[in-house]
Amino acid sequence: MPAGAKSLTAIAEWASDAPAAVLSALGAPDREPTGPTAPAEATVRRALQRVDGDALDEANGTWLTARDPERPGQAPGERRYRSLAVDGKTVRGARRTDGVQVHLLAAMTRTGLVTAQRDVGSKSNEITVFKPLLTPLDLTDTVVTFDALHSRSEHARFLVEDEQVHYTAVIKANPTLHQELKQLPWREVPLLGKTRSTAHGRDEICRVKTCTVVRGIGFPHAAQAIQIVRRRRIVITGKVSLVRVYAVTDLTPEQASAPEIAHRVRDHWGIENKIHHVRDTVFAEDASRVRTDTAPRAMAALRNLAISALRLGGCDNIAAGLRKHGRDATRPLATLGFT
């Protein structure tokens with residue numbers, strides 16, 4: 001995967017071209033007189049169809065967490081708490097035997113490392129997987145961010161009361177709470193933060209206000225309400241869009257300022273760009289037709305590992321990192337710590 005393999009066939013082809021020293025480092029069987037033997041495509045396929053998906057994701061998450069510069073116990077840098085974004089993605093090209101598409105829920109750090117992932121079963125949904133995804137993790141000094149689907153009272157209570165951590169929830173799917181936040185006297189609240197960014201042909205201005213929750217609202221442990229106004233202009237067409245986003249957090253004003261909260265919300269939106277978008281565009285995940293047993297989940301886990309490992313190695317441009325690793329079979333081994 002770090003060398004750019006997008007399919008089971010590509011993995012087998014990379015293995016067949018790998019030097020003997022690389023195959024030996026990866027544990028290939030040594031058969032006289034030919035030496036280390038690369039696995040055939042059928043062997044790779046059978047292995048990934050039978051692998052325990054939970055065990056694979058746990059191993060990946062443990063390996064990445066140990067190397068995360070913001071892992072618990074490390075110097076937090078400019079912010080007291082690290083961020084962990086929770087979001088789901090459907091592997092659109094992969095379907096189970098019952099015809100249901102494979103859907104995965106993942107947790108990503110601010111630096112773009114996927115430290116946990118869970119399969120959302122065909123008879124379940126993301127909501128039921130939220131707690132099992134996070135329970136095994138060390139969430140010390142963490143703010144968990146999640147979007148509208150997970151903005152549920154039981155999730156907030158689970159994080160604050162059971163896990164003793166903080167949350168920031170983007171409110172949208174809860175119409176009652178969204179309307180209550182929308183009706184707060186935002187015109188009377190001073191602007192507390194403003195940023196401007198230009199990237200990908202867009203000029204975006206982001207304004208943020210926060211309001212201390214002085215009366216109870218319909219969300220557990222909420223201490224601050226947040227309004228983020230995003231004005232985006234497409235440079236080529238000149239088209240302008242204006243979006244208001246509302247969120248709540250249990251962090252008090254003393255624990256988190258308005259700009260910091262806005263930064264965490266943007267970090268959460270980053271899971272789409274840093275992981276989901278990369279898996280779709282660089283690895284062509286939605287075009288993958290790997291469907292049998294655990295192979296779709298295993299392939300997604302390996303894509304997460306490759307992307308995260310490249311980021312740990314300083315590759316901000318994943319496509320360029322894949323090309324670089326594809327030119328030398330020893331580079332993926334160094335990136336993954338085999339040498």
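One-based numbering along the sequence shown.
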From [atom1] ([X]) to [atom2] ([Y]), nearest 0.5 Å:
X	Y	atom1	atom2	answer
Glu126	Asp87	CD	CG	6.5 Å
Asp119	Thr294	CG	OG1	9.5 Å
Lys182	Ile171	NZ	CD1	15.0 Å
Thr168	Ile226	OG1	CD1	6.0 Å
Thr37	Asp30	OG1	CG	7.5 Å
Thr212	Gln224	OG1	CD	5.5 Å

Could you tell me whether the side chain of [Y] reaches within less than 4.5 Å of the side chain of [X], counting heavy atoms only?
X	Y	value
Lys89	Asp280	yes
Leu84	Leu134	yes
Ile261	Val208	no
Asn60	Val114	no
Glu58	Leu56	no
Arg327	Lys324	yes
Met1	Met299	yes
Ile205	Lys194	yes

Just checking, any donor-acceptor pair under 3.5 angstrom between side chains of [X] and [Y]?
X	Y	value
Arg264	Thr145	no
Ser7	Thr9	no
Asp293	Gln49	no
Thr335	His325	yes

Hydrophobic cluster identity match, [X] and [Y], side-chain contacts under 4.5 Å:
X	Y	result
Val265	Val243	yes
Leu302	Ile318	yes
Trp14	Leu305	yes
Leu137	Leu113	no
Leu333	Trp63	yes

So does [X] have more than 12 non-hydrogen atoms from other groups sitting under 6.0 Å from [atom1]?
X	atom1	answer
Arg50	CZ	no
Glu188	CD	no
Leu242	CG	yes
Glu163	CD	yes

Give me the one residue out of Arg233, Arg196, Arg232 that meets salt bridge (Lys or Arg N to Asp or Glu O under 4.0 Å) with Glu204.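 The salt bridge (Lys or Arg N to Asp or Glu O under 4.0 Å) with Glu204 is passed solely by Arg232 among Arg233, Arg196, Arg232.
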Where do [X] and [Y] come nearest, in terms of heavy atoms and distance?
X	Y	value
Pro136	Leu133	CD-O, 3.6 Å
Leu251	Ala223	O-CB, 3.6 Å
Lys131	Glu154	CE-O, 4.1 Å
Met108	Asp267	CE-O, 4.2 Å
Ile228	Cys206	CG2-SG, 3.3 Å
Val86	His268	O-CE1, 3.2 Å

Criterion side chain to side chain contact (heavy atoms under 4.5 Å, CB included) on Val120 and Arg118, from CA distance to verdict: CA-CA 6 Å; Val120 178; Arg118 283 268 179 168; over 6 Å; no
Would Arg297 and Asp54 count as a side chain to side chain contact (heavy atoms under 4.5 Å, CB included) here? Give the steps. CA-CA 9 Å; Arg297 177 181 178 180; Asp54 288 338; 2.7 Å; yes
Taking [Y]'s backbone N and O only, do any of them form a donor-acceptor pair with [X]'s side chain (distance below 3.5 Å, no angle check)?
X	Y	value
Gln164	Glu161	yes
Thr128	Asn125	yes
Thr43	Pro39	no
Arg202	Thr198	no
Ser24	Ala21	no
Thr330	Val22	no
Lys209	Val189	yes
Ser151	Leu149	no
Thr34	Arg31	yes
Thr142	Arg82	no

Is the distance between the ring centroids of His166 and Tyr81 less than 6.0 Å?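 Close enough - the centres of the two rings lie under 6.0 Å apart.
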What I want to find out is whether [X] reaches [Y] closely enough, with some N-O distance under 4.0 Å, to be called a salt bridge.
X	Y	result
Asp316	Lys274	no
Arg231	Asp203	no
Lys6	Glu285	no

With under 30° as parallel and over 60° as perpendicular, where do the rings of Tyr246 and Trp186 fit, or are they tilted in between?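 Rings of Tyr246 and Trp186: tilted, as their planes differ by 30° to 60°.
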Hey, mind stepping through Val160 and Val165 against side chain to side chain contact (heavy atoms under 4.5 Å, CB included) and telling me if it holds? CA-CA 5 Å; Val160 175; Val165 297; over 6 Å; no
Qualifying residues under ring-ring contact (aromatic ring centres under 6.0 Å, His included), relative to Phe219, sequence neighbours excluded: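 Result, ring-ring contact (aromatic ring centres under 6.0 Å, His included) vs Phe219: Tyr167.
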Check the pair Glu260 / Ser257 against side chain to side chain contact (heavy atoms under 4.5 Å, CB included), numbers first and verdict last. CA-CA 5 Å; Glu260 180 179 344; Ser257 64; 3.7 Å; yes
